[in-house]
Amino acid sequence: WFIQSNLRMLHWLLLYLVTLPKCRGAEVLWALNAGGDSHRGVDGVLYHADVSHMPGVASDHGVHHVPLLARVHPQDRILYQTERYHFDSFGYDVPIRGDGSYVINLKFSEVYFKSSQQKIFDVRLNNQPVIVGLDIFNKVGFGAAHDEYISFKIQGNSLLIGDYQLAFDGKLYLEFAKTEFDNPKINAIVLYRGTVEEVPKLPPLQREEEIIQEDLILEDDEEEIEDNFLERDVEEERPPPKQPKKVSRPKKANPYEEQSAQYWPIIISIGVLLPTVVILYARQKAG
């Protein structure tokens, strides 16, 4: 374990030293840790804390559920573990000054969904689509860093994005646009003055990191299955609802029984008197 840890740190140090000369031409103008606190990156970039009055939800879900986020230096994992998402489209005003070439580096990671076609959204710059149908999981899977780069130029009153020339009034609005899928999100943003070639890039996803990703998905699935079994066991062990007890009460008296008992003496008397009357009537008639 000790040897593997030191080899991994050496890997990140060499990568940093290799990419450092390429970054000298790219000047960092502004950086933001979306949904999180201020952070000093391993490359020295200061990421400002996200403002509380922004629309949407600031979340640190990735901090608790994906501690070993892949493809990024351990010191900078926090940039991909915190995020801001919203139930609708939302965005940031990007501070821009002067003419020149610029690059916006957008940092993402999928720390919630474990399959593609779940969270898909667009990115716009001054209402111009620059990224359409971004599916983070489809790009790098679960629990891995992913960067997108938007290059553009400012020339006087014009904003140049690829082959598009838009009117520019000095304001730049970066928007994460809602689609029919789950909520748009962003983990961190960096604004560079320079070209895409001068901006640092993430290293390729290593095979061991892919294995960690797969293990994380399997662990979560196993926990979900275990939770379902526990819920089922609780339901099976739960005693059936008690049936209301039948209260034993004396039978209600039949009112007709008392009435028929009252008439029995009269019936018996008539039964005795009737033959006597018949005999007396027969003797009287014979005499």
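All values reported here derive from a predicted model rather than from experimental measurement.
Shown here is Lys178, whose NZ atom has more than 12 heavy atoms of other residues, nucleotides or ligands within 6.0 Å. Open room surrounds CG on Asp37; 12 or fewer heavy atoms of other groups in view lie less than 6.0 Å from it. Heavy-atom neighbours of Asp169 CG from other residues, nucleotides or ligands within 6.0 Å: above the threshold of 12. More than 12 heavy atoms of other residues, nucleotides or ligands sit less than 6.0 Å from atom CZ of Phe152.
For Gln75, there are no side chain to side chain donor-acceptor pair (under 3.5 Å) partners, not counting sequence neighbours. Remark: Phe168 engages no residue in a ring pair (Phe, Tyr, Trp, His ring centres under 6.0 Å) (not counting sequence neighbours).
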For this session: Check the pair Tyr80, Val111 against side-chain contact (heavy atoms from CB on, under 4.5 Å), reporting the backbone distance first and the verdict last.
Result: CA-CA 9 Å; Tyr80 298 87; Val111 297; over 6 Å; no
Problem set entry | Verdict with supporting geometry, Ile136 and Lys185, side-chain contact (heavy atoms from CB on, under 4.5 Å) | CA-CA 10 Å; Ile136 304 167; Lys185 61 174 278 183; 4.2 Å; yes
Problem set entry | Verdict with supporting geometry, Val196 and Lys201, side-chain contact (heavy atoms from CB on, under 4.5 Å) | CA-CA 9 Å; Val196 172; Lys201 308 297 191 303; 4.0 Å; yes
Problem set entry | Chi angles and distances behind the side-chain contact (heavy atoms from CB on, under 4.5 Å) call for Asn33, Asp50 | CA-CA 6 Å; Asn33 182 22; Asp50 203 354; over 6 Å; no
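Annotation: the span from Lys139 atom NZ to Glu110 atom CD amounts to 14.0 Å, rounded to 0.5 Å. Atom OG of Ser115 sits about 10.5 Å away from atom CG of Asn138, to the nearest 0.5 Å. Atom CZ of Phe108 is separated from atom CG of Leu79 by 13.5 Å, given to the nearest 0.5 angstrom. With rounding to the nearest 0.5 Å, the separation of CG in Leu134 from CD in Glu148 is 5.5 Å. Here the straight-line distance linking atom CZ of Phe121 with atom CG of Asp135 works out to 9.0 Å at 0.5 Å rounding. With rounding to the nearest 0.5 angstrom, the OH atom of Tyr192 is 14.0 Å from the OG atom of Ser151.
Nearest heavy atoms, Pro95 versus Leu191: O-CD2, 3.0 Å. Between Ala49 and Ser38, the closest heavy-atom pair is CB-N, 3.4 Å. Nearest heavy-atom pair across Tyr92 and Arg84 is OH-CD, 3.2 Å.
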Extract all donor-acceptor atom pairs below 3.5 Å that involve side chains of residues 170-177 and protein atoms in other chains or at least two apart in sequence.
residue : atom : partner : partner atom : Å
Tyr173  : OH   : Gly91   : N            : 3.2

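Val132 and Leu125 fall into different hydrophobic clusters, where Ile, Leu, Val, Met, Phe, Trp and Tyr residues are linked whenever their side-chain heavy atoms come under 4.5 Å apart, directly or through other members. Linking Ile, Leu, Val, Met, Phe, Trp and Tyr residues whenever their side-chain heavy atoms come within less than 4.5 Å places Tyr102 and Val123 in a single cluster. Ile186 and Met54 fall within a single hydrophobic cluster, where Ile, Leu, Val, Met, Phe, Trp and Tyr side chains are chained together by heavy-atom contacts under 4.5 Å. Leu106 and Leu29 fall within the same hydrophobic cluster, defined by Ile, Leu, Val, Met, Phe, Trp and Tyr side-chain heavy atoms under 4.5 Å apart, directly or through other members. Trp30 is connected to Val130 through a chain of hydrophobic side-chain contacts under 4.5 Å among Ile, Leu, Val, Met, Phe, Trp and Tyr, so both are in one cluster.
Within the 3.5 Å criterion, the main-chain N or O of Lys119 finds no donor-acceptor partner in the side chain of Asp182. Using a distance-only test at 3.5 Å, with no hydrogens or angles considered, a donor-acceptor pair links the side chain of Arg77 to the main chain of Leu69. Under the 3.5 Å distance criterion, the side-chain polar atoms of Asp99 are matched with a main-chain donor or acceptor of Gly156. Remark: side-chain polar atoms of Ser101 are not paired, donor with acceptor, to backbone N or O of Thr195 under 3.5 angstrom. The backbone N or O of Thr82 lies less than 3.5 Å from a partner atom in the side chain of Asn187, making a donor-acceptor pair. A side-chain donor-acceptor contact under 3.5 Å links Arg40 to the backbone of Gly44. With hydrogens and angles ignored, the 3.5 Å screen pairs no side-chain donor or acceptor of Lys107 with any backbone N or O of Asn105.
Between Val66 and Phe142 there is a side-chain heavy-atom pair separated by less than 4.5 Å. Ile189 has its side chain out of reach of Val94: every pair of non-hydrogen atoms, C-beta onward, lies at least 4.5 Å apart. Counting only heavy atoms from C-beta outward, the side chains of His61 and Tyr112 approach each other to under 4.5 Å.
Between the side chains of Asp76 and Tyr47, no donor N or O sits under 3.5 Å from an acceptor N or O.
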